[in-house]
2 protein chains.
Amino acid sequence: MKTSEDHIVKIAKALSDKTRVRILQDIAKRGSVTCGDAINVACLSQPTVSHHIKVLVDAGLLNADKNGRHVIITVNKEVLKEFTELVSVSTKR
Amino acid sequence: MKTSEDHIVKIAKALSDKTRVRILQDIAKRGSVTCGDAINVACLSQPTVSHHIKVLVDAGLLNADKNGRHVIITVNKEVLKEFTELVSVSTKR
DNA sequence: TCGATATATTGAAATATATCAATGTATTAT
DNA sequence: ATAATACATTGATATATTTCAATATATCGA
């Protein structure tokens, strides 16, 4: 059984790195990007960006859909909304 | 100049540890606690809990008001609200 | 098929974080 | 004044995270 803390922590961890937040914001602004696009935004090596995207996908914040040799990445707005609501609710008395 | 990423990252970092989220939730539930209360909730050493509270205070999520030898800790709801709104808005296109 | 492109994985190094025991500081009670 | 209480700080260790180079895998185009 996963507690609400676990859920909050997992997503907060994903949001706790500047590069990842930048990538997330860029995707949100542009609707969708490929990993290559994200590399340009992050200005870091390809493996590093690949790792960051994995963290965001694992947290549920991003959707990654393979399309040929590209991977199309979009923001999972549902999960983001869930997160902000969970943080709000669980800190309301 | 601090970007919105910086702000999100700082607070997300504070929320990216299970102990800190647990402490935050406990304070929210009870209205206010002392550091000693937080130690009981966390079941960790006093210095460790002191460190965690410091991280939360530095992120702006907690208010700490000295009262005699106790420190009264409350949740800074404004900052929490700011955070959830900033996350929501900055990921809306 | 072969080379090029897009992304993932592995292994290693550097840095950051969580944790505790020991100690310091401030405040209250006796 | 002194002892006890509440909390903070320091220094050390263990673990986690970030990053890259090297390499692997999958797909497309010629």
Side-chain angles (χ1 to χ4, degrees), chain A residues 3 5-27 30-75, chain B residues 3 5-27 30-75:
Chain A
T3 64
E5 286 122 62
D6 289 325
H7 199 202
I8 289 176
V9 166
K10 181 152 195 183
I11 295 185
K13 237 174 206 159
L15 294 174
S16 72
D17 178 276
K18 194 166 179 171
T19 298
R20 287 196 289 268
V21 171
R22 197 170 287 158
I23 289 172
L24 183 67
Q25 288 180 335
D26 180 63
I27 299 170
R30 299 163 62 177
S32 76
V33 304
T34 65
C35 294
D37 294 332
I39 292 169
N40 293 329
V41 169
C43 289
L44 289 170
S45 73
Q46 178 268 320
T48 299
V49 173
S50 182
H51 161 72
H52 283 311
I53 288 173
K54 185 170 164 32
V55 171
L56 288 163
V57 170
D58 285 351
L61 289 167
L62 293 185
N63 306 118
D65 298 292
K66 191 156 187 179
N67 185 336
R69 351 174 217 199
H70 293 266
V71 173
I72 308 298
I73 306 169
T74 52
V75 176
Chain B
T3 64
E5 285 122 63
D6 289 326
H7 199 202
I8 289 176
V9 166
K10 181 153 195 184
I11 296 184
K13 238 172 204 159
L15 294 174
S16 72
D17 179 276
K18 194 165 178 170
T19 297
R20 287 196 290 268
V21 171
R22 196 171 286 158
I23 289 172
L24 182 67
Q25 288 179 335
D26 181 62
I27 298 170
R30 299 164 63 176
S32 76
V33 304
T34 65
C35 293
D37 295 332
I39 293 169
N40 293 329
V41 169
C43 289
L44 289 169
S45 73
Q46 179 269 319
T48 298
V49 173
S50 183
H51 161 71
H52 284 310
I53 288 173
K54 185 169 162 36
V55 171
L56 288 163
V57 170
D58 286 350
L61 288 167
L62 293 184
N63 306 117
D65 298 291
K66 192 157 186 177
N67 186 335
R69 17 177 194 189
H70 294 267
V71 174
I72 307 298
I73 306 168
T74 52
V75 175

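Chain naming here is simple, since letters A, B, ... match the order of the sequence lines and numbering starts at 1 in each.
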Side-chain N or O of [X] versus OP1/OP2 of [N]: is the shortest distance under 4.0 Å?
{"X": "B/Arg20", "N": "C/dA18", "value": "yes"}
{"X": "A/Thr48", "N": "D/dT19", "value": "no"}
{"X": "A/Ser50", "N": "C/dT7", "value": "no"}
{"X": "A/His51", "N": "D/dT18", "value": "yes"}
{"X": "B/His52", "N": "C/dT17", "value": "no"}

Do A/Arg30 and A/Asp26 sit within salt-bridge range, that is, some charged N less than 4.0 Å from a carboxylate O?
yes
Under a 4.0 Å N-O cut-off, is there an ion pair linking B/Glu5 with A/Arg22?
yes
Atom [atom1] of [X] to atom [atom2] of [N]: distance rounded to whole Å?
{"X": "A/Leu62", "N": "C/dT7", "atom1": "CG", "atom2": "P", "result": "14 Å"}
{"X": "B/Arg69", "N": "D/dA3", "atom1": "CZ", "atom2": "P", "result": "15 Å"}
{"X": "B/Lys18", "N": "D/dA16", "atom1": "NZ", "atom2": "C1'", "result": "17 Å"}
{"X": "A/Ile72", "N": "D/dA26", "atom1": "CD1", "atom2": "P", "result": "19 Å"}
{"X": "A/Asp58", "N": "D/dT18", "atom1": "CG", "atom2": "P", "result": "13 Å"}
{"X": "B/Leu44", "N": "C/dT17", "atom1": "CG", "atom2": "P", "result": "18 Å"}
{"X": "B/Asp17", "N": "C/dT17", "atom1": "CG", "atom2": "P", "result": "11 Å"}
{"X": "A/Ile73", "N": "C/dA6", "atom1": "CD1", "atom2": "P", "result": "14 Å"}

Of all heavy-atom pairs between B/Cys35 and B/Ile73, which one has the smallest distance, and what is that distance?
SG-CD1, 3.8 Å
Heavy-atom distance under 4.5 Å between the side chains of A/Gln25 and B/Ile8, does that happen here?
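When only atoms from C-beta onward are counted, B/Ile8 and A/Gln25 do touch, with a gap below 4.5 Å.
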Taking the side chain as C-beta and beyond, is there a heavy-atom pair between B/Leu62 and B/Val75 under 4.5 Å?
yes
Between A/Lys66 and A/Lys13, which is nearer to the 5' end of DNA chain D once each is assigned its nearest nucleotide?
A/Lys13
5' precedence on DNA chain D between A/Thr19 and A/Asn67 (nearest-nucleotide basis)
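It is A/Thr19, whose closest nucleotide lies nearer the 5' terminus.
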What about A/Gln46: does its side chain form a donor-acceptor pair under 3.5 Å with the base of C/dA6?
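Not at all, since no donor on one side and acceptor on the other fall under 3.5 Å apart.
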